[in-house]
Every structure is written in structure tokens, then in C-alpha cells.
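Lettering follows sequence order; numbering is per chain, from 1.
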Amino acid sequence: MTLSPVCRLAPSPTGYMHIGTARTALYNQLFAKRHHGKFLLRIEDTDRERSTPEATQAIFDGLTWLGLHWHGEPVMQFSRAPRHAEVAHQLVKEGKAYFCYCSPEELAEMREEQKNAGQPMRYDGRWRNRSADEAPAGVKPVIRIKAPQEGETVVIDAVLGEIRVKNEQLDDMILLRSDGTPTFHLSVVVDDADMGITHVIRGNDHMTNTFRQLQIYHAMGWKEPVYAHLPMIVNDQGQKLSKRHGAVGVRDFAKMGYLPEALRNYLLRLGWGHGDDEIISDEQAAAWFNLEGISKSPARFDYNKLNALNAHYLQLADNVRLSELIKDFMPTAPSSEDTQRIIKGMASLKSRAKTLVELAEGAKVYCLAQPLIYDEKAKAVLDAATVEMVKKLAERFATVNDWLAPALEECVRNFADENSLKLGKIAQPLRAALTGTTVSPPIFEVAEILGRDVSLKRLHAL
RNA sequence: GUCCCCAUCGUCUAGUGGCCUAGGACACAGCCCUCUCACGGCUGUAACACGGGUUCGAAUCCCGUUGGGGACGCCA
């Protein structure tokens with residue numbers, strides 16, 4: 001690549017930030033990084049009805065949380081409306097676009113007739129060659145492009161290859177609405193051209209838009225960008241991911257306890273491959289990412305794999321960082337002493353968790369809420385005879401000098417030998433007594449971290 | 001309805017005419033490790049949608065069928 005690429009993410013701020021948008025952002029950012037180019041952000045807020053500042057903020061927040069940084073100030077598309085109108089009028093002057101005075105009702109009627117007749121639903125060009133004198137009074141016209149009616153439009157897509165469509169299939173799309181505001185196609189092309197975008201990497205739902213957008217490039221004599229259309233992310237039914245069927249917002253994944261680095265790795269591999277590599281660091285991703293590796297077919301979102309990846313990145317994550325992150329997932333904030341215990345026990349805790357939610361759950365052992373609550377399984381373990389035994393063990397514990405896991409383990413092993421018991425026969429009741437549960441990190445480690453006083457207190461509380 | 005795109009284990013994928021009795025990862029099952037649960041290690045189940053070609057040879061190329069997805073707005 002001789003010139004460094006300029007990529008962009010162009011989401012419309014009409015709600016939350018979709019996970020598919022996040023992946024598109026990742027691919028754009030990686031591609032730009034790989035080739036030392038730029039990754040720009042443009043907020044497509046020309047739909048004044050649906051665009052909200054909150055949704056715009058959600059996009060900034062989502063990208064920031066994911067660790068995807070864009071270059072420079074985001075472009076707010078609506079602010080460029082005058083420029084878009086200017087281009088539309090220029091095309092009219094050059095005879096490449098024209099005014100159309102059809103009412104929305106008239107167009108709807110036309111489509112209805114076409115549909116009933118089994119015809120393709122397309123604008124029939126009824127104003128293409130009429131002069132403005134025929135304009136009905138009081139009707140504000142739209143501007144339509146005078147699209148070529150013969151030949152074909154060809155897209156060379158970096159993912160899909162060459163795609164051709166006959167121009168007769170395309171109609172004269174609206175460039176400028178009757179209120180003078182630009183439509184999507186016009187603003188996208190004008191902005192991409194003005195921003196110097198060289199590579200348009202976007203969702204496959206834009207594939208068929210490309211033909212129309214190319215016509216604007218051709219009319220204006222602008223150099224067209226390289227296109228790369230990404231396969232959709234679909235749900236387990238194979239359909240477009242939508243809010244009706246579960247989580248789709250980046251924020252939802254944060255709330256479910258996923259780490260941004262895990263989501264990045266997951267999204268990277270969802271629709272792109274590099275041999276047999278599965279765990280891919282940010283550095284490797286930036287060095288390896290290429291358009292050739294993008295797959296053509298839609299990819300299903302799979303929580304199992306995301307969970308596995310998240311578990312992996314949890315292992316790699318810094319213990320103090322994790323102790324901070326799990327606070328959002330705990331009913332009450334742990335005290336500073338509890339937090340210290342959690343950090344000490346984190347190595348064992350995190351190997352047992354797939355998400356921050358599970359990690360927070362596990363960390364509860366070190367949060368000293370009194371009295372200790374025993375779950376059903378723990379109660380079952382602690383029958384009367386067993387409680388007697390544990391109390392005897394507690395007396396032994398009181399004599400342990402170094403309150404450290406190895407010493408405690410030795411103490412319990414000796415106790416077990418003396419009573420001809422298997423270690424498990426004592427360790428499990430000990431676990432139940434110390435944690436109120438039957439599942440925890442290694443119990444001697446838990447006892448060590450809990451400390452002598454707390455541990456003995458819990459044993460005596462039986 | 002019209003147009004466009006897609007098609008390898010349940011899922012994500014490797015594979016670009018012989019290296020494929022199709023590889024990896026996740027999930028699943030079993031075993032080992034083990035104080036519980038995990039981690040880890042080992043083993044296993046499991047796929048080229050179908051039908052025609054082309055070729056000495058096809059998961060790989062071509063055509064068709066079927067199935068899936070997307071687009072057809074004065075939304076983006």
C-alpha cells in the first residue's frame with residue numbers, strides 16, 4: 001500500500017451501540033493501525049427525529065470502553081448539511097440531477113402498484129425529463145440523481161470480490177429532501193470524499209447501497225474508495241442480531257462482566273481468521289489484520305466462546321485491577337480489609353470465574369458479613385458428629401504458630417491420619433464451616449487469608 | 001415480488017486442485033490431577049448442503065437445486 005489508508009466508523013446515534021458496530025470499529029481501527037493510517041469517527045445524525053445526544057455519548061463511551069481510539073474530533077454529519085446541499089445543487093446545474101415534484105403519497109401509490117404487478121419497486125423517473133415549468137404550485141421538490149439507465153455498475157469489494165448490477169435495476173434516488181436536508185447516500189459520499197476516506201469497511205447490510213453511492217462518486221468525478229463489506233453477526237437463529245433477542249449493546253456486555261480485551265479478541269475472530277490462532281494480543285492483531293482474512297458468510301454470536309476467552313483474559317488480568325472491577329458487581333462495597341483479602345486470594349479466585357459476575361460471587365468468601373450464612377449443601381455436610389470433629393480440629397488450629405496454608409494443611413493432614421480419615425472427610429466440613437458453602441478456592445488458602453481470628457471465630461460459631 | 005450476497009464439525013474457523021482417511025479453538029463426553037469447584041493434561045464424538053460437470057485427481061474450479069441472509073424509504 002503506497003498511501004496510508006484513512007478509515008472511518010460512521011454510526012447513526014439512534015440508541016445503544018450495537019455489537020456489530022463495535023466489530024466494524026475494531027476492524028477499521030486495526031486496518032488503519034496496521035498500515036499506519038487514520039481511523040476517523042463520524043456521527044451520522046442527519047435523522048433529526050431519531051438522533052439523540054445520549055446515543056452519541058453511548059457511541060463515544062462504547063468505543064472508549066473497548067479501547068478503540070479514533071483520530072481527531074468526531075465529525076457531526078448534520079453540521080455539514082449545507083455542504084451536502086451544495087453538492088446536490090451543483091449536480092442539478094451540471095444536468096446530473098433534477099427536481100422531482102412527486103408527493104410521498106404519489107410514490108407510495110406507485111410502489112404499491114408495482115408490488116401488486118410483481119414489478120420491481122423503483123422510482124419510474126417520471127420527472128427525469130420534465131421541465132420545472134410543469135411543477136405544481138406550492139410543492140417543494142426533492143433533488144434526484146439522474147442515474148445511468150444502461151450498462152452496469154461494478155463494485156470491487158475486498159471481501160466479496162467483484163459484484164455487478166445492471167443499472168436498470170437502480171432508480172434515481174433522492175439526494176436532497178424537499179426540506180433541503182440531504183439523504184443518507186449523499187451525505188455519506190460527500191463526507192467520505194471530503195474526509196479523504198480511502199477504505200470503507202462496513203457492515204454487509206450496506207452492500208447494495210454501494211451501487212447507488214458509486215453513482216454519486218461517478219457523477220462528481222471523485223475517486224472511489226476501496227470497499228470491504230463485513231458479514232453480519234447473527235443470533236443463534238441465524239438472524240440479524242436485534243434487541244428483541246437478548247444483548248446487543250456494547251454496554252450490555254460490560255454489564256455481563258466481560259473484559260474489553262476479551263470482547264476485542266472475540267470480535268476479531270468472529271468473521272476473521274489467521275490460521276489456527278485463537279488468542280490474539282492487541283499487538284498481534286495490529287500486525288496481522290488484513291482484509292483477505294475476512295470471511296464472507298454471516299457469523300453466529302456464541303457466548304460459550306466469549307466466556308472461554310473472557311476466562312483466559314481474566315487469568316492474565318492484574319489482580320488489583322480485577323478487585324476494582326468487581327466492585328460494580330457486588331451488592332455492597334467491600335471494606336478495605338476485605339479488598340486486601342480479595343487481592344490476596346485473587347489468583348485462585350480468578351481461575352474459577354468466566355466473568356466478573358462470577359468473580360464477584362466468588363470473592364464473597366472474603367467479605368466478612370456476619371453472621372455467616374450456610375447454604376443447604378453446607379448444612380448437609382455439617383451434621384452433629386461432623387461439627388464435633390470440626391470443633392476438635394479447631395482446638396488444634398489454635399496451636400498452629402504460622403497461620404499459613406502449608407502449616408494449616410499439615411495440621412489437618414496429621415489430624416486426619418490420627419483419626420484414620422481421608423483428607424476430604426475433614427477438608428470439606430472445614431470448607432463448609434469457614435465459608436458456608438461447599439465450593440471455594442483451596443480451603444487452607446482461604447483459611448490463611450481469612451486469618452487466625454476470623455477463622456477460629458467461624459469454627460467456634462458452629 | 002425484484003436484485004445482491006453467502007454455504008466445511010452444534011459454533012467460530014484452517015483449507016486457494018494432489019500435503020485431507022479434512023486441522024485448530026469453543027462446547028460436549030470420558031480419563032488423569034485433586035480437600036470441593038475450577039485451572040491444567042490426555043483421549044473421544046462430530047463437518048466439506050445436494051445434484052451434475054471440468055480434471056489423472058475436487059472441500060477447493062464451473063453450472064444448477066436447495067437452504068440462509070441482506071437490500072429495495074423524502075431511515076441510516
Side-chain angles (χ1 to χ4, degrees), chain A residues 10-14 44-47 49-51 77 100 102-104 107-108 111 114-122 140-144 155 157 160-161 163-166 169-171 173-179 181 183-185 187-188 203-212 229 231-232 234 236 238-240 266 269-279 293 295-309 311 315 348-354 362 377 381 409 412-413 416 422-432 435 437-444:
Chain A
S12 53
T14 52
E44 307 222 316
D45 57 349
T46 52
D47 184 342
E49 298 281 305
R50 297 196 297 161
S51 300
Q77 189 165 61
C100 165
C102 291
S103 66
L107 294 173
R111 273 185 219 105
Q114 289 170 336
K115 190 173 184 179
N116 293 339
Q119 297 293 314
M121 292 185 285
R122 289 194 289 266
K140 286 195 173 166
V142 299
I143 292 180
R144 285 181 183 273
V155 178
D157 189 277
L160 271 6
I163 300 159
R164 298 168 169 274
V165 71
K166 290 188 172 53
Q169 298 293 337
L170 275 14
D171 61 4
M173 74 188 133
I174 293 175
L175 261 20
L176 209 63
R177 299 185 189 109
S178 53
D179 66 0
T181 60
T183 61
F184 165 68
H185 292 297
S187 40
V188 165
N204 193 268
D205 47 343
H206 288 293
M207 184 62 241
T208 50
N209 290 330
T210 311
F211 306 116
R212 320 185 100 92
H229 287 94
M232 304 268 83
V234 298
D236 48 17
Q239 291 154 334
K240 198 171 173 177
Y266 179 70
R269 282 287 291 99
L270 189 66
W272 179 83
H274 184 267
D276 284 341
D277 296 301
E278 298 288 347
I279 305 289
S295 77
K296 298 180 177 184
S297 44
R300 290 180 195 228
F301 198 92
D302 178 18
Y303 279 94
N304 278 327
K305 194 135 185 173
L306 210 210
N307 284 340
L309 243 14
Q315 304 278 36
S348 295
L349 250 19
K350 67 186 182 184
S351 75
R352 263 151 261 261
K354 287 187 164 63
K377 284 180 182 168
V381 169
E409 179 167 352
V412 173
R413 282 189 187 276
K422 283 188 138 184
L423 184 60
K425 289 288 178 196
I426 306 190
Q428 196 59 354
L430 182 60
R431 170 172 288 109
T435 70
T437 69
T438 52
V439 174
S440 81
I443 196 56
F444 307 114

Checking N1-N3 plus N6-O4 or O6-N4 for Watson-Crick, or N1-O2 and O6-N3 for wobble, each under 3.5 Å, the partner of B:U55 is none

Using a heavy-atom cut-off of under 4.0 Å over every strand shown, decide if A:Thr438 touches base, sugar-phosphate, or nothing. base

Watson-Crick or G-U counterpart of B:C48, or none if no pair lies under 3.5 Å: none

Identify whether the glycosidic angle of B:C26 places it syn (within 90° of 0) or anti. anti

Using the C1' atoms only, state how far B:U60 lies from B:G23, rounded to an integer number of Å. 15 Å

Strictly below 4.0 Å, N to O, side chains only: are A:Asp277 and A:Arg269 in salt-bridge contact? no

When we call it a touch if two heavy atoms are under 4.0 Å apart, what does A:Ser51 touch: a base, just sugar-phosphate, or nothing? nothing

Heavy-atom nearest nucleotide on RNA chain B taken for A:Arg431 and for A:Gly273; more 5' hit belongs to A:Gly273

Spacing of the P atoms in B:U54 and B:C63 (rounded, Å): 15 Å

Closest contact, heavy atoms only, A:Asp302 versus A:Tyr266: N-OH, 2.7 Å

Shortest non-hydrogen pair, A:Pro429 vs A:Gly424, comes out as CD-O, 3.9 Å

Between A:Thr435 and A:Thr437, does any side-chain donor sit less than 3.5 Å from a side-chain acceptor? yes

Say we look at B:A25 and B:G41: how far apart would their P atoms be, to the nearest angstrom? 10 Å

Using the side-chain heavy atoms of A:Ala308, tell me which of these nucleotides is nearest: B:C26, B:A14, B:C6. B:C26

B:C9 C1' sits how many Å from A:Asp302 CG, rounded? 13 Å

Between the side chains of A:Asn204 and A:His229, is a donor N or O closer than 3.5 angstrom to an acceptor N or O? no

Can you check nucleotides 38-47 of chain B for protein contacts, nitrogen or oxygen pairs under 3.5 Å, and list what you find?
unit_1: B:A38; atom_1: O2'; unit_2: A:Ser351; atom_2: O; d: 2.6

What is the separation between atom CD1 on A:Ile443 and atom P on B:U36, rounded to the nearest whole Å? 12 Å

Taking atom P in both B:U36 and B:U43, compute the distance separating them and give it to the nearest angstrom. 24 Å

NA contact type, A:Gly203, heavy-atom cut-off 4.0 Å: base, sugar-phosphate, or nothing? nothing

When rounded to whole Å, the CZ to C1' distance for the pair A:Phe301 and B:C26 reads 13 Å

Contact class for A:Phe211 (heavy atom, under 4.0 Å): base, sugar-phosphate, or nothing? nothing

Would you measure the distance from the C1' atom in B:C20 across to the matching atom in B:C9 and give it in whole Å? 15 Å

Between atom CD in A:Glu409 and atom P in B:U34, what is the gap in whole Å? 11 Å

Would you mind pulling out the nucleotide paired to B:C19, Watson-Crick or G-U wobble, both distances under 3.5 Å? none

Say we look at B:A58 and B:U21: how far apart would their P atoms be, to the nearest angstrom? 12 Å

Give me the distance, rounded to whole Å, that separates B:G67 from B:C26 when you measure between the C1' atoms they each carry. 26 Å

Any chance the rings of A:Phe211 and A:His185 have centres within less than 6.0 Å? no

Does any part of the side chain of A:Phe444, heavy atoms only, come nearer than 4.5 Å to the side chain of A:Val412, both counted from C-beta? yes

Does any nucleotide pair with B:A38 by Watson-Crick or G-U wobble geometry, both distances under 3.5 Å, and what is it? none

Identify the two heavy atoms, one from A:Leu349 and one from A:Gly362, that lie closest to each other, and give their separation to 0.1 Å. CD1-O, 3.8 Å

Nearest-Å distance, NE2 (A:His229) to P (B:C5)? 13 Å

List in chain and number order the residues that pass side chain to side chain donor-acceptor pair (under 3.5 Å) with A:Arg431, two or more places apart in sequence or in another chain; answer none if no residue qualifies. A:Gln428, A:Ser440

Across every strand shown, the nucleotide meeting Watson-Crick or G-U wobble geometry with B:A25 (both distances under 3.5 Å) is B:U11

Could you please name the partner base of B:U60, counting Watson-Crick and G-U wobble pairs only when both distances are under 3.5 Å? none

Go through B:G24, B:C37, B:C35 for me and flag the one nearest to the A:Gln428 side chain. B:C35

For A:Lys305 and B:C9, give me the distance from atom NZ to atom P, rounded to whole Å. 14 Å

For B:C74, which nucleotide in any strand shown is its Watson-Crick or wobble partner with both distances under 3.5 Å? none

When the C1' atoms of B:C12 and B:A47 are considered, how many whole Å apart are they? 13 Å

How many Å lie between CG on A:Asn307 and P on B:A27, as a whole number? 8 Å

Looking only at heavy atoms, the pair that brings A:Ser51 and A:Glu44 closest together is OG-O, 4.3 Å

Does the side chain of A:Leu160 come within less than 4.5 Å of A:Lys296's, by heavy atoms? yes

Quickly work out the A:Asn304 CG to B:A27 P distance and round it to whole Å. 6 Å

If you check the A:Pro442 side chain, which of B:A7, B:C35, B:A25 turns out closest? B:C35

Contact between A:Val142 and A:Leu176 at the side-chain level, heavy atoms closer than 4.5 Å - yes or no? no

Which nucleotides of nucleotides 65-76 of chain B have their base under 4.0 Å from a protein heavy atom (B), which only their sugar-phosphate (S), and which neither (-), written as one string 5' to 3'? ----SBSSSBBB

